[in-house]
Protein chains: 2
Amino acid sequence: MNKGVGILEPRSSIRSVVGYDARMTAVTAPSGRKVPRGRIDKRQAILDAAFTVFARRGYGQSCVQEIANEAGVAKPTVYNHLTDKETLFRHAIEAAADAVMAENLAVVERLREPGDDLRAALEDMAYRMLQVCCGERSRALRRLTYAQAADFPDLIETVQGRTAIRLGEALADRLARLSLSGRLRPGDPAQAAEQLLALLTGPMEMRSRLGTRKVSTAETRTVARAAVDTFLRAYEAAAPGRP
Amino acid sequence: MNKGVGILEPRSSIRSVVGYDARMTAVTAPSGRKVPRGRIDKRQAILDAAFTVFARRGYGQSCVQEIANEAGVAKPTVYNHLTDKETLFRHAIEAAADAVMAENLAVVERLREPGDDLRAALEDMAYRMLQVCCGERSRALRRLTYAQAADFPDLIETVQGRTAIRLGEALADRLARLSLSGRLRPGDPAQAAEQLLALLTGPMEMRSRLGTRKVSTAETRTVARAAVDTFLRAYEAAAPGRP
DNA sequence: ATTAATTTGAACTCACGAGTTCACCAACGG
DNA sequence: CCGTTGGTGAACTCGTGAGTTCAAATTAAT
């Protein structure tokens, strides 16, 4: 059936000149890899590029060619590493989810040493968390998973499990300790965490118009302060040190 | 250039038999229309069908043919009423937004006569609102706008303006009255409304996994109760009637 | 240097969907 | 009864993008 397949008369090798620039940068950038496998890890470059492009255009409107260009790689190479467009999407999303999660967890961990001004510590954490959640990667991740919820319902489960749920658990851990040490009133720490997160992300999502509008630093601070204020009114231990 | 255009040799008119059934049902279904205009309002049927299909498949994956089928109408008829696929989308979304909003406003209005048990009134409103927000239409609307935020940024503005923002304002109105009558502590009613809504939708969105999992009635009630509880702890007037 | 694994560009297949055209037709208004 | 109006199915154009193929080029390891 393939009669006109091999119509590739030997072309001049002009292409190689520019085409390999990109690869070279990919080589030098990630410093010294120990992996002795054939070439350098194009795979990572492809995944990064994939997320970038998906974030820019959405899943349906992204074409593999553009991802290849973004990665400085030929299209067949993409298919060589990741079989499908779908596979590409899943791996890119999961990688992004892990990255976002790491940032968030780092922020929550700061509550381990709250200092003696609990309100200040919470406000600090709140503000930093809002910064992460409004970052480009985080917003794109949310948008993409939301958008493809219908097509890849299992993916949403994975992403939620690696981000929102783990974040809630981590925060619940910190709040539980604070209850135990008498700085928050006793109660369900999971619920407290859930509600504090809601008080942060809800108003933020509202003001950023689902991420389409930039929110000023001052406004972000206001949201963080308001959230913590309401949270403490509801959850602070009954009688502080001095009345 | 069109040489093979008119290759429609007069076929037998078999098609008309089944093809017109759909139109007929469309005629008889909506009972007695008073509109004397040419035919029946196919337009509305098309918009309804469009939202149904978009909700089912997402924007990119929906094809106009399927919308036409869903509406019981021919494809050219669709293009006759709505010029574009994009136009189709916008009108369908806006119609859905208005419908969802009407439901939500009706719920908030119930706070006009709160009765003497404020907590019960708030819980009732909260529960009803969660039911609306978890309804198929509401979830689909959220998913679609979120997904297409990049392609139609102005649409998101419109939808938010007609739903979330108006809802916040309406709720703020009610809360302001409650402050004025001394049942809530004085303060910014807009912020109170924003936070109450966040306390409701945030945890709900979490538990429903962005709408991919069904949330039981009991769990919904729990979320509503928890939200109102926290809200009242933070916003109830300092000293109630009897200590 | 030779070899084996990869990468590359370009051209190709294939499927699908937006939007259009056209000949025909059912109902309505006059 | 007849023309107008809006609707209809089917076939068409046209663009786009997923995934594949292949010869040639490039590189890592031996």
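This one's a predicted model, so the numbers in the text were calculated from it and none came from an experiment.
- The side chain of B:A74 approaches D:dG9 more closely than any other nucleotide in the set C:dT20, C:dT8, D:dG9.
- Of the candidates C:dT7, D:dG7, D:dA18, the closest approach to any side-chain atom of B:K42 belongs to D:dG7.
- Taking the side chain of A:P76 as heavy atoms from C-beta on, and the options D:dT8, C:dT8, D:dG19, the nearest nucleotide is C:dT8.
- Whole-Å rounding puts the A:L82 CG to D:dA18 C1' distance at 14 Å.
- Ionic pairing of A:E66 and A:R57 is present here: one or more N-O contacts between side-chain nitrogen and carboxylate oxygen are shorter than 4.0 angstrom.
- Set against C:dT6, C:dG19, C:dT8, the side chain of A:T77 has C:dT8 as its closest nucleotide.
- When the P atom of C:dA5 is taken as reference, atom NE2 of A:H81 falls 15 Å away, rounded to whole Å.
- Taking every side-chain heavy atom of B:K85 into account, C:dA18 is the closest of C:dA18, C:dT7, D:dA18.
- Between B:Y59 and B:F152, the distance from one ring center to the other falls under 6.0 angstrom.
- The pair B:R56-B:E70 meets the salt-bridge criterion, since a charged nitrogen lies less than 4.0 angstrom from a carboxylate oxygen.
- In the interface, the side chain of A:K75 is not paired with the base of C:dG9 through any donor and acceptor atom under 3.5 Å apart.
- Checked for salt-bridge contact, B:R90 and B:E94 miss the test: no charged N lies under 4.0 Å from a carboxylate O.
- Across the protein-nucleic acid pair, A:Q65 atom CD and D:dA18 atom C1' stand 11 Å apart, rounded to whole Å.
- Proximity note for B:C63 (side chain, C-beta onward) versus D:dA18, C:dT8, C:dG17: the nearest is C:dG17.
- Within the nucleic acid shown, A:S62 comes within 4.0 Å of sugar-phosphate atoms alone, with no base atom in reach, counting heavy atoms only.
- B:Y79 places its OH atom 18 Å from the P atom of D:dC12, with the value rounded to the nearest Å.
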